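Single-structure report; data block below.
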Amino acid sequence: MSVLDNVDAATNLAKNNEVQLLVFRVSDVPDSAYYAINVFKTREVVESKNHYITQIPSSHYLLEGTIVLRGLQIPILNLPLWLGTTLTKEEMKKSNILICDFNGIIIGLRIMSAFRVIKKNWNEMHAPDSYRVGEDNVVINDTRLEDGSLCLVLDYEKLLADVIPQAMVDVFESPANLVNIEIPKKLKTGTVLIAEDSKTAQKHLKQIFENAHISMKLFNNGKLLLDYINTLGDNVSAIPAVITDIEMPEMSGFTVVKLLKANAKTKDIPIIVNSSMTGTNNKREAQVLGADAFIDKTKSQNIIPLIVEIMNKKI
């Protein structure tokens with residue numbers, strides 16, 4: 001039985017502020033680090049030795065080439081090398097490829113071995129600030145395994161942005177998509193609140209809002225956003241919109257939506273879920289909890305027109 005078998009439903013976990021992670025290693029060296037990825041961004045683990053890699057001329061050094069799997073041409077990214085580990089030829093033969101789905105973009109990540117699937121509450125996930133990493137660090141948050149071992153969750157969006165930038169959001173499309181749109185006064189004068197833990201996604205959103213000359217305030221997780229809202233008192237009515245990711249340490253985006261929509265003071269604030277977890281179930285759950293819209297992270301350049309559309313409907 002595969003380590004990916006018998007995982008729980010993604011939306012049931014998220015709405016309960018829980019996440020299921022596939023834990024893996026990129027090296028067989030004793031005491032090598034444990035890494036993790038949300039199981040619902042993964043499809044399967046295949047043995048590297050069973051798949052021929054076709055190299056791509058003039059490609060990024062982390063892009064090894066492509067394999068053909070079930071009729072799909074899948075780019076293979078050298079995750080160990082991104083993390084500073086160079087595998088020997090023998091280790092490459094022994095390694096595995098983790099097939100992942102990010103916003104409908106199918107890629108393969110080279111890993112050494114899949115360890116196990118674990119379930120965690122988001123309040124057991126800790127932001128990088130807790131162990132003082134830099135802005136360009138590849139770690140997005142961490143947790144502990146049962147034996148106390150540190151397990152690091154990586155910023156896979158940063159990896160994609162580094163290696164396959166054309167697959168990411170086109171930040172320069174905004175404000176071109178606002179030319180024929182009248183921006184509501186509340187959006188012009190207010191500050192949009194955003195909960196997002198990926199530094200890469202934060203940079204994209206910051207640039208999109210700066211290009212449109214619209215004020216925004218970033219929070220590294222949903223709990224920090226809610227704590228800030230709770231300090232506003234009656235001024236909360238001035239918030240034009242809230243944008244939230246789903247996967248975040250401390251508090252998931254679904255919990256953010258649920259709590260804001262349950263509060264009489266905040267229930268009318270437009271809330272947009274901006275996530276790479278783009279499955280139908282996640283979109284449905286966001287709607288059930290009261291979110292006003294769901295947008296894929298690769299289409300974030302359309303987020304301001306979407307806010308305008310929602311605000312106009314509420315007038």
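Keep in mind that what you see is a predicted model, and the values were worked out from it rather than measured. FYI, side chains are in, hydrogens and waters are out, and symmetry mates aren't considered; it's all heavy atoms of this structure.
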**OP:** May I ask you to decide if V29's main-chain N or O and S27's side chain share a donor-acceptor pair within less than 3.5 Å?
**Re:** yes
Subject >> Validation row: V153, T143 side chains within 4.5 angstrom (heavy atoms) >> reply: no
Original post:
Of the non-hydrogen atoms in S215 and T191, which two are nearest, and what is the gap between them?
Top reply: OG-OG1, 3.0 Å
Subject >> Close side-chain approach of V192 to L187, heavy-atom, < 4.5 Å >> reply: yes
Original post:
Under the 3.5 angstrom rule, does the side chain of S32 hit a backbone N or O of D28 as a donor-acceptor pair?
Top reply: no
Original post:
Are L63 and L87 in one and the same hydrophobic cluster, where Ile, Leu, Val, Met, Phe, Trp and Tyr link if side-chain heavy atoms are under 4.5 Å apart?
Top reply: no
**OP:** State whether a side-chain donor-acceptor pair under 3.5 Å links R144 with S149.
**Re:** no
Original post:
Does a side-chain heavy-atom distance below 4.5 Å link V242 with I194?
Top reply: no
**OP:** Taking the side chain as every heavy atom from C-beta outward, state whether L224 and E250 have any atom pair closer than 4.5 Å.
**Re:** no
Original post:
Quick one: does N141's side chain have a donor or acceptor within less than 3.5 Å of a partner on M125's backbone?
Top reply: no
Subject >> Derivation of the side chain to side chain contact (heavy atoms under 4.5 Å, CB included) call for C151 and D142 >> reply: CA-CA 6 Å; C151 182; D142 70 54; over 6 Å; no
Subject >> Distance-minimising heavy-atom pair for W122 and M248 >> reply: CE3-O, 2.6 Å
**OP:** Let me know which of K297, Q202, K203 forms a side-chain hydrogen bond (donor to acceptor under 3.5 Å, both in side chains) with E196.
**Re:** K297
Subject >> Distance (rounded to the nearest 0.5 Å) between I243 CD1 and L205 CG >> reply: 6.0 Å
Original post:
What distance separates I74 CD1 from L77 CG, expressed to the nearest 0.5 Å?
Top reply: 12.0 Å
Subject >> Check against side chain to side chain contact (heavy atoms under 4.5 Å, CB included), L260 and I269 >> reply: CA-CA 8 Å; L260 288 178; I269 298 173; 5.7 Å; no
**OP:** Walk me through it: do Y34 and F115 pass the test ring pair (Phe, Tyr, Trp, His ring centres under 6.0 Å)?
**Re:** CA-CA 9 Å; Y34 289 103; F115 179 55; 5.1 Å; yes
Subject >> Distance-only donor-acceptor check, side chains T200 and E157, under 3.5 Å >> reply: no
Original post:
Do side-chain atoms of N96 reach the backbone of I111 as a donor and acceptor pair under 3.5 angstrom?
Top reply: no
Original post:
T66 versus I76: any side-chain heavy-atom pair under 4.5 Å?
Top reply: no
Original post:
Does one side chain, of E247 or N38, offer a donor that lies under 3.5 Å from an acceptor on the other?
Top reply: yes
Original post:
Applying the 4.5 Å side-chain criterion to the ILVMFWY set and letting contacts propagate, would L69 and I56 be lumped into a single cluster?
Top reply: no
**OP:** Report yes if the side chains of I239 and I229 come closer than 4.5 Å at any heavy-atom pair, otherwise no.
**Re:** yes
**OP:** Side-chain contact test, heavy atoms from C-beta onward, threshold under 4.5 Å: evaluate it for M251 versus L226 and give yes or no.
**Re:** yes
Original post:
Should F209 and I181 be regarded as members of a common hydrophobic cluster, given that ILVMFWY residues are connected when their side-chain heavy atoms come within less than 4.5 Å of each other, either directly or indirectly?
Top reply: yes
**OP:** Under the salt bridge (charged side-chain N to carboxylate O under 4.0 Å, His left out) rule, what do K313 and D292 come out as? Steps first, then yes or no, please.
**Re:** CA-CA 10 Å; K313 285 180 179 177; D292 295 274; over 6 Å; no
Original post:
Would the number of heavy atoms belonging to other residues, nucleotides or ligands and lying under 6.0 Å from CG of D234 be above 12?
Top reply: no
Subject >> Six-ring centre of Y156, K41 cation under 6.0 angstrom, axis tolerance 45° >> reply: no
Original post:
Under a 4.5 Å side-chain heavy-atom rule over Ile, Leu, Val, Met, Phe, Trp and Tyr, are L72 and I97 clustered together?
Top reply: yes
Subject >> Derivation of the salt bridge (charged side-chain N to carboxylate O under 4.0 Å, His left out) call for K261 and D268 >> reply: CA-CA 7 Å; K261 290 301 182 180; D268 293 325; over 6 Å; no
Original post:
Sub-3.5 Å donor-acceptor pair from the side chain of K199 to the main-chain atoms of V138, do we have one?
Top reply: no
Subject >> Among L160, L62, I107, side-chain contact (heavy atoms from CB on, under 4.5 Å) partner for P75 >> reply: I107
Subject >> Ring-face cation of R25 near Y35 (centre distance under 6.0 Å, axis angle within 45°) >> reply: no
Subject >> Spacing of CD1 belonging to I37 relative to CG belonging to L21, to within rounding of 0.5 Å >> reply: 9.5 Å
Original post:
So E64 and R110, salt bridge (charged side-chain N to carboxylate O under 4.0 Å, His left out) or not? Walk me through it.
Top reply: CA-CA 9 Å; E64 297 183 26; R110 187 174 295 282; 2.6 Å; yes
Subject >> Polar side-chain atom of Q207 near backbone of H204 as donor-acceptor pair, under 3.5 Å >> reply: no
Original post:
Is it true that a side-chain atom of N221 and a backbone atom of K223 form a donor plus acceptor pair closer than 3.5 Å?
Top reply: yes
Original post:
Hey, does D296 have a side-chain heavy atom less than 4.5 Å from the side chain of S275?
Top reply: no
Original post:
When rounded to the nearest 0.5 angstrom, what is the spacing between CD in Q73 and CD1 in I106?
Top reply: 13.5 Å
Original post:
If only atom types and distance count, is the side chain of N78 paired as donor or acceptor with the main-chain N or O of L81 below 3.5 Å?
Top reply: yes
Subject >> Working for side chain to side chain contact (heavy atoms under 4.5 Å, CB included), residues I303 and N274 >> reply: CA-CA 9 Å; I303 207 159; N274 182 217; 4.1 Å; yes
**OP:** List the steps, then state whether side chain to side chain contact (heavy atoms under 4.5 Å, CB included) holds for I140 with K158.
**Re:** CA-CA 10 Å; I140 200 166; K158 176 174 173 52; over 6 Å; no
Original post:
Given the rule that I, L, V, M, F, W and Y join up when any side-chain heavy atoms are under 4.5 Å apart, are I164 and I99 in one cluster?
Top reply: no
